[in-house]
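By convention in this document, chain letters (A, B, ...) are assigned in the order of the sequence lines, proteins followed by strands, and residues within each chain are numbered from 1. What you are looking at is a predicted structure, and each value in this text was computed from that prediction instead of being measured.
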Protein chains: 2
Amino acid sequence: MRDNKPASSIISVAKEAGVSLQTVSNVLNFPERVKPETTERVMQAINKLNYTPNLSARRLRSKKSASIAVRVDSNASAGSSSEGLYTGYIQDEFVYEVVKAAEVRDVKVITYTCDPDEDEVKKLKKLVDSRDVDGFLLTSTVEDDPRLKYLIQSNVPFLSFGRPWASSDEFASSYPWIDIDGASGTADATKLFWDLGHRNIGFIGWKTFSVQPTNPRSVGDDRFLGWSKSLLELLNLKSKKISTNFFELGGESISSARDSARKLIAKFPELDALVCASDTLALGAQLEYRGLKKSIPISGFDNSPTSKVFNFTSLDQNIPEIAAHALVVLMGESGNTVAKVNSSKKSEQANLIFKPKLISRI
Amino acid sequence: MRDNKPASSIISVAKEAGVSLQTVSNVLNFPERVKPETTERVMQAINKLNYTPNLSARRLRSKKSASIAVRVDSNASAGSSSEGLYTGYIQDEFVYEVVKAAEVRDVKVITYTCDPDEDEVKKLKKLVDSRDVDGFLLTSTVEDDPRLKYLIQSNVPFLSFGRPWASSDEFASSYPWIDIDGASGTADATKLFWDLGHRNIGFIGWKTFSVQPTNPRSVGDDRFLGWSKSLLELLNLKSKKISTNFFELGGESISSARDSARKLIAKFPELDALVCASDTLALGAQLEYRGLKKSIPISGFDNSPTSKVFNFTSLDQNIPEIAAHALVVLMGESGNTVAKVNSSKKSEQANLIFKPKLISRI
DNA sequence: CTGAAAGCGCTTACAG
DNA sequence: CTGAAAGCGCTTACAG
């Protein structure tokens with residue numbers, strides 16, 4: 001059986017349908033310009049000849065690649081020394097969901113890697129200069145990020161998953177990003193435990209820029225704040241300060257979480273529920289409690305496989321929604337045309353903060 | 001500052017260097033055809049003008065995309081119900097290492113997804129017909145795999161990571177694959193425990209096609225066989241049968257492994273070391289032992305973050321090597337040209353089985 | 001609504 | 001070793 005490869009070109013389709021090639025092109029790219037009956041004839045020819053457009057030709061002529069780039073990272077270093085079990089879960093799911101949402105639009109996703117010793121800007125530049133991608137999806141950008149500098153300066157469209165912490169509002173609103181509302185998440189977990197009757201709800205988080213922040217300056221601050229603010233409110237405390245007995249901050253590792261849990265129990269024996277800044281920390285705390293043959297409700301963050309296997313409450317970032325929205329920011333509600341950055345009219349959908357969904361596993 | 005975008009084309013480079021455009025093209029694609037001094041002048045022009053070839057034009061003319069496709073999967077369903085913590089670790093690392101190895105060759109990696117309810121062949125076909133990729137890297141192909149059928153029939157180059165189990169030698173050698181030597185891995189773990197003085201080494205694996213196989217017909221058989229054969233040898237047993245007291249088979253989940261461990265301990269109380277078919281099973285067994293306040297050496301498979309955090313012995317599949325070799329099979333030792341499948345002269349590097357590396361964490 | 005021409009930026013024959 | 005021409009398969013003006 002002969003391979004049903006695409007007919008050599010649009011020309012054969014045009015001949016088959018008895019129209020000019022431009023009409024075939026119009027059917028494919030601007031259906032509204034073509035009379036329905038002509039469209040019908042052309043579609044029949046396309047199906048009969050099994051025609052698929054040559055995308056390189058299309059890209060060359062139209063100067064649009066209909067492709068975006070996203071970085072893939074390794075998880076091999078996770079678990080070593082003091083890290084968590086699957087620290088790259090969100091990043092991996094983001095990539096997967098972006099690819100999936102892109103397929104619906106006929107947008108290709110090109111992947112690249114960047115080890116710590118490599119210059120990521122060089123890689124971005126190469127992808128841009130060779131016309132292989134129209135835009136980028138970055139994760140966790142910071143104020144002095146060289147990638148931001150390059151992309152903004154070169155007028156290359158992009159969107160960051162993760163807002164720039166500890167930067168001015170002016171800077172934060174100078175480029176498109178979407179993010180997760182960490183404070184809303186930890187507040188929801190706190191309220192859940194409260195509603196279940198717990199009154200001594202502690203927190204284990206990360207040592208970050210500022211302890212007990214009023215304005216969050218990091219993801220850690222944000223998640224801390226959600227717990228502390230909601231707890232103050234629930235306790236109806238006049239004081240603006242949460243006692244330092246109620247929380248412990250450390251690194252993002254199981255062993256650090258075990259240390260934190262141990263200290264917390266010692267300082268605050270009446271502890272009856274625990275909000276954690278991540279699933280890794282929640283697992284560490286849970287293991288410490290298991291060692292003590294005790295059990296209290298614990299919550300983490302990300303709704304990762306870890307939280308499912310170890311069966312603790314977590315917060316789902318709803319990555320499919322995030323990924324789909326990322327593409328909306330780059331390319332509008334549909335289609336595969338990446339909008340060139342337009343300084344006068346900012347995309348109004350950017351800079352959105354999504355609330356995570358509480359997944360209760362009490 | 002003006003954006004240093006690539007000079008409009010190869011023509012400007014040719015003018016700058018005072019040569020014809022074909023010479024510039026030759027410098028880029030066939031350096032050996034050009035005199036060193038000419039090359040030097042052209043390279044200077046390229047650098048001066050910051051020229052980067054338009055890859056769509058190159059692809060259109062040369063009919064080579066210098067791109068390959070690989071599927072990305074979600075890990076969101078991992079951890080739910082009865083699965084492991086990070087079941088997609090090897091697949092994710094494979095994708096990462098493939099992208100990394102491809103970058104060295106200036107090969108692009110296009111990703112696609114495929115949910116269980118979708119037709120993967122349709123997606124492959126679209127990528128091929130639109131001329132976006134020259135070849136595919138698949139994982140875990142089986143004998144009646146529709147992807148194999150399509151790719152072989154259409155003469156599209158590909159390589160599978162994972163051999164076809166339970167199929168004839170003829171079928172297995174009919175297409176290129178590379179794989180891991182599971183038996184060698186579990187044998188290594190068994191020998192390690194033996195050398196440490198353990199004589200009652202058990203095994204926890206999966207319920208697969210055939211229990212106590214002489215010829216492995218699945219990954220589970222293969223890993224079982226490595227343990228059972230090496231143990232028979234070490235015990236210098238005449239009988240060709242391992243007592244069914246020494247092993248338990250179940251599903252790929254932590255809870256199944258806990259069940260297996262419990263049964264094994266009951267039937268075989270002198271058990272003093274445990275070889276497991278996966279890191280998930282090893283974790284389950286370890287947790288069961290912890291619950292009993294006991295500890296014996298346990299080994300898993302994959303050297304995943306889980307094995308690192310829970311600090312048990314495991315077997316590293318050396319994914320960087322696998323990925324690099326996959327590209328060698330597709331494109332030779334270097335370069336970005338995917339060799340068309342040539343039935344007369346099979347690539348001699350295909351159908352290789354790599355030994356995993358024992359990572360001892362005693 | 002449809003068509004004939006031009007051209008995107010390269011590489012591939014082929015000629016010298 | 002280098003050059004002038006052709007052409008890969010589309011879409012984009014533009015004309016009707």
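- At least one side-chain nitrogen or oxygen of Arg58(A) sits closer than 4.0 Å to the OP1 or OP2 atom of dT11(D).
- Counting to the nearest Å, the C1' atom of dT2(D) and the CG atom of Asn29(B) are 16 Å from each other.
- A salt bridge links Arg59(B) and Asp132(A); the closest N-O separation between the charged side-chain nitrogens and carboxylate oxygens is under 4.0 Å.
- Not one side-chain nitrogen or oxygen of Ser62(A) sits closer than 4.0 Å to the OP1 or OP2 atom of dC10(D).
- Remark: Glu118(B) engages Lys123(B) in a side chain to side chain donor-acceptor pair (under 3.5 Å) (not counting sequence neighbours).
- Residues Leu55(A) and Lys108(A) have side chains in contact (heavy-atom distance under 4.5 Å, counting atoms from C-beta outward).
- Here the C1' atom of nucleotide dT12(D) and the CZ atom of Arg59(A) are 18 Å apart, to the nearest Å.
- With sequence neighbours excluded, no residue forms a salt bridge (charged side-chain N to carboxylate O under 4.0 Å, His left out) with Lys63(B).
- Place Gly18(B) and Arg33(A) on DNA chain D by their nearest nucleotides, and Gly18(B) ends up nearer the 5' end.
- Atom NZ of Lys64(A) is separated from atom C1' of dT12(D) by 11 Å (rounded to the nearest Å).
- Which of dT2(C), dC8(D), dC10(D) sits closest to the side chain of Asn26(A) comes down to dT2(C).
- Within the nucleic acid shown, Ser56(B) has no heavy atom closer than 4.0 Å to any nucleic acid atom.
- Residues satisfying the salt bridge (charged side-chain N to carboxylate O under 4.0 Å, His left out) test with Arg147(A), not counting sequence neighbours, are Glu120(A), Asp145(A).
- Checking Pro36(A) against Leu60(A), the closest nucleotide of DNA chain C that is more toward the 5' end is the one next to Pro36(A).
- Under the rule for a salt bridge (charged side-chain N to carboxylate O under 4.0 Å, His left out), Asp119(B) has no partner lying at least two apart in sequence or in another chain.
- With contacts defined as side-chain heavy-atom distances shorter than 4.5 Å, the pair Asn50(B)/Asp129(A) qualifies.
- Across dG9(D), dG3(C), dT11(C), the shortest atom-to-atom separation from the side chain of Thr23(A) is found for dG3(C).
- Contact check, Lys63(A) against dT12(D): no side-chain N or O comes under 4.0 Å of OP1 or OP2.
- Listed pair Ser25(A) / dT11(D) meets the phosphate criterion, a side-chain N or O lying under 4.0 Å from OP1 or OP2.
- The listed nucleotides are dT2(C), dA6(C), dC10(C); the one nearest the side chain of Arg61(A) is dA6(C).
- Put simply, CD on Glu40(A) is 16 Å from P on dC1(C), counting in whole angstrom units.
- Taking atom CZ of residue Phe30(B) and atom P of nucleotide dC1(D), one finds them 14 Å apart after rounding to whole Å.
- Using a 4.0 Å heavy-atom criterion, one finds that Glu32(A) contacts the sugar-phosphate atoms exclusively.
- Relative to the side chain of Ser9(A), the nucleotides dG3(C), dC1(C), dC10(D) differ in distance, and dC10(D) lies closest.
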Original post:
How does DNA chain C look in dot-bracket notation if pairs are Watson-Crick or G-U with both distances under 3.5 Å, crossing ones as [ ], other-strand ones as |?
Top reply: |||.||||||||.|||
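- Residue Asn54(A) has no polar side-chain atom (N or O) positioned under 4.0 Å from OP1 or OP2 of dC10(D).
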Side-chain donor-acceptor contacts of residues 34-43 of chain A below 3.5 Å, not counting sequence neighbours, with atom names and distances?
| unit_1 | atom_1 | unit_2 | atom_2 | d |
| --- | --- | --- | --- | --- |
| Thr39(A) | OG1 | Lys35(A) | O | 3.1 |
| Glu40(A) | OE2 | Gln44(A) | NE2 | 3.1 |
| Arg41(A) | NH1 | Ala17(A) | O | 2.8 |

